[in-house]
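Predicted model only: the values in this text are computed from it and were never measured. Start at 1 with the first residue, then count along the sequence.
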Amino acid sequence: MSATSEEINKLISSFTELKNYFEKVRDAIDEDRAQMKADLQAHIDSADSRIALPPNLIKNAFMQEVENGVPKGFTGNGLKIEAVHPFTHGFEGPYVSECPANATDDPTQATKDKPYWYGKYNMGPRVGRGGLSTGWGQGSIANGHILKTTAEIGAADEHRMIRFTAQRLAAHDKLWFRCYVKIVRGSKIGFGHDSGHKGIARGLTVTKAQCDAAEQGWLKVDKLISTSRIVRSVGKNSFTVGANVNEDVEFYLALPYAYIPHNAEMGIVE
C-alpha cells in the first residue's frame, strides 16, 4: 500500500527533527571538548609556573669569575674563548631612562663603550629589567659576562670545542639545555657529547640562518640533548659546544643552563 503525501511529509518532518537533534548533540559535545581542552591547557600552564627549576649543572654560568680574560671553568680546545661585556652585539642594553650619547643604532656594532639602547629602563628582550651588567634595584649583578668564541679555518681532524666545569657530579644520558647563542661567522654549531671532536659540530645543531632570524640575532636554545651515559655531569667531552673546523668561526654564548630532566632509565645528582 502506497504512503500518502501527508504521511511522507510527516516522515520527512520526523527525520528533520531527528537531524536537528543530533546536530545539537554534536555541537554540545564539541563545546564540551573545547572547554575540556582549554581547562587542561590552563592546568598545564599553571603547573609549569609552579614547578621549580633544578640547580644549574654548569659552574660559573653568569661568568662572573674571570681569569686572564676567560670565564673560570670554561676551556676552549681549538677555539679561542674570552669573556666579553653583555652589551656586546646587543645581548643586553643599559638600564637608563634616556638614550646615552655614545649609543649605537645598530645592535651588531654594540660594545661596552657603545651600547645599543632598547628604551627607557629596558635592557632588551633577553633580560628586561635586570641583566648581567646592571639593572633595576640593588639585587642586580654588575660583573657578569657572555662568551665570545672565535677560530680560523683549521687542518682536518683538529678539535673545535668548548668544555664546561661541572657544578656537581651527576649520572645521566640526557640533559635539558638552555642558552642564548648568536653566530656571526660559520654555518652552525652543535651541542652534545663530543660535539666539535675532530672538527665536526654534532648533536643538537643551531645554524647561522636560525640566529639571523631571531631578535637581534640572538637565538634561544631550549632543548633536550643526548649526552654520554656517564657519571660526570657536564665535564670533559660528555657535553660540549662544538664547531666545524673547515670554516672561520665567531659566535657568542650567554646564560648557559643545564639540568637533568626526569628520566626513568638514568638520572641521579650528587
Side chain His159, main chain His197, donor-acceptor under 3.5 Å: no
In this structure, would Phe91 and Met123 fall into the same cluster of hydrophobic residues linked by side-chain contacts under 4.5 Å? yes
Indicate whether any N or O donor in one side chain lies under 3.5 Å from an N or O acceptor in the other, for Asp106 and Thr108. yes
Just by distance, no angles: are the side chains of Arg129 and Tyr95 close enough, under 3.5 Å, to form a donor-acceptor pair? yes
For Asn68, look at atom CG and say whether over 12 heavy atoms of other residues, nucleotides or ligands are found less than 6.0 Å away. no
Is it true that the side chains of Glu92 and Ser133 contain a donor and an acceptor less than 3.5 Å apart? yes
If you define the side chain from C-beta out and look only at heavy atoms, does anything of Ile260 sit under 4.5 Å from Leu175? yes
Tell me, with the steps shown, if Asp194 and Arg202 meet salt bridge (Lys or Arg N to Asp or Glu O under 4.0 Å). CA-CA 7 Å; Asp194 290 326; Arg202 298 179 174 87; over 6 Å; no
Worked check of salt bridge (Lys or Arg N to Asp or Glu O under 4.0 Å) between Glu158 and Arg160: CA-CA 7 Å; Glu158 289 184 2; Arg160 289 285 186 273; 3.4 Å; yes
Asp222 and Trp176: side chain donor to acceptor below 3.5 Å: yes
Taking transitive links into account, so neighbours of neighbours count too, which hydrophobic residues share a cluster with Tyr118 at under 4.5 Å side-chain distance? Tyr116
On a heavy-atom basis, which atom in Glu215 and which in Pro125 lie closest, and how many Å separate them? OE1-CB, 3.6 Å
Taking the six-membered ring for Trp, are Phe177 and Tyr257 closer than 6.0 Å centroid to centroid? no
Taking it one step at a time, do His145 and Glu82 satisfy side chain to side chain contact (heavy atoms under 4.5 Å, CB included)? CA-CA 9 Å; His145 297 83; Glu82 53 188 311; over 6 Å; no
Heavy-atom pair with the smallest gap, counting every atom of Arg185 and Val249: NH2-O, 3.3 Å
Using the rule that Ile, Leu, Val, Met, Phe, Trp and Tyr join whenever any side-chain heavy atoms are under 4.5 Å apart, tell me whether Val66 and Leu253 fall into a single cluster. no
Indicate yes or no: at least one non-hydrogen side-chain atom of Leu255 is less than 4.5 angstrom from one of Cys179. no
Polar side-chain atom of Glu98 near backbone of Lys120 as donor-acceptor pair, under 3.5 Å: no
Are side-chain heavy atoms of Pro94 and Thr134 found at a separation under 4.5 Å? no
Test your reading of the model: is there a side-chain donor-acceptor pair from Asn244 to the backbone of Ala201, 3.5 Å cut-off? yes
Calculate, to the nearest 0.5 Å, the distance between atoms NZ and NZ belonging to Lys174 and Lys223 respectively. 15.5 Å
Are Leu79 and Phe74 in one and the same hydrophobic cluster, where Ile, Leu, Val, Met, Phe, Trp and Tyr link if side-chain heavy atoms are under 4.5 Å apart? yes
What is the distance from atom CZ of Phe251 to atom OG1 of Thr150, rounded to the nearest 0.5 Å? 9.5 Å
Run the ring-centre check on Tyr252 versus Tyr180 and record whether the distance is less than 6.0 Å. no
How many angstroms lie between atom NZ of Lys182 and atom NZ of Lys208, to the nearest 0.5 angstrom? 9.0 Å
Of the non-hydrogen atoms in Ile225 and Gly192, which two are nearest, and what is the gap between them? CG2-CA, 3.7 Å
Within 6.0 angstrom of Glu23 CD, more than 12 heavy atoms from elsewhere: yes
Exam field: side chain Asn77 to backbone Met161, donor-acceptor pair closer than 3.5 Å: no
Supply the atom-to-atom distance Gln64 CD to Asn143 CG, rounded to the nearest 0.5 angstrom. 4.5 Å
Are side-chain heavy atoms of Ile189 and Val181 found at a separation under 4.5 Å? yes
Contact check, side chains of Leu57 and Phe164, non-hydrogen atoms, under 4.5 Å: no
Considering all heavy atoms of both residues, which atom of Val184 and which atom of His89 are nearest to each other, and what is their separation? CG2-CE1, 3.7 Å
Does Met63 belong to the same Ile/Leu/Val/Met/Phe/Trp/Tyr cluster as Phe87, with side-chain heavy atoms less than 4.5 Å apart forming each link? no
Any chance you could measure Asn60, atom CG, to Glu65, atom CD, to the nearest 0.5 Å? 5.0 Å
Looking at Asp30 and Arg33, is there a salt bridge between them, counting it only when a charged N and a carboxylate O are closer than 4.0 Å? yes
Determine the minimum heavy-atom distance between Tyr259 and Pro54, stating which atoms define it. CD1-CG, 3.5 Å
Looking at every non-hydrogen atom in both residues, tell me the closest pair between Gly90 and Ala110 and how far apart they are. N-CB, 3.6 Å
Thr240 side-chain N/O to Ser195 backbone N/O, donor-acceptor pair under 3.5 Å: yes
Rounded to the nearest 0.5 Å, what separation is found between the CG atom of Leu219 and the CD atom of Gln210? 6.0 Å
Donor-acceptor pair, side chain of Asn102 and main chain of Pro115, under 3.5 angstrom: no
Quick check: Tyr121 with Trp136 (ring centres under 6.0 Å apart)? no
Can you tell if the side chain of Pro71 reaches within under 4.5 Å of the side chain of Leu147, non-hydrogen atoms only? yes
Quick one: name the residues clustered hydrophobically with Ile200, using the 4.5 Å side-chain heavy-atom rule over I, L, V, M, F, W, Y, and just say none if it's on its own. none
According to a hydrophobic-cluster definition based on side-chain heavy atoms being under 4.5 Å apart (Ile, Leu, Val, Met, Phe, Trp, Tyr only), do Leu132 and Val96 belong together? no
Taking everything shown except Asp32 itself, do over 12 heavy atoms lie less than 6.0 Å from its CG? yes
Going by side-chain heavy atoms closer than 4.5 Å, which hydrophobic residues are tied to Val25, directly or by a chain of links? Leu18, Tyr21, Phe22, Ile29
Judged by modelled atom types alone, do Gln35 and Asp39 share a side-chain donor-acceptor pair under 3.5 Å? yes
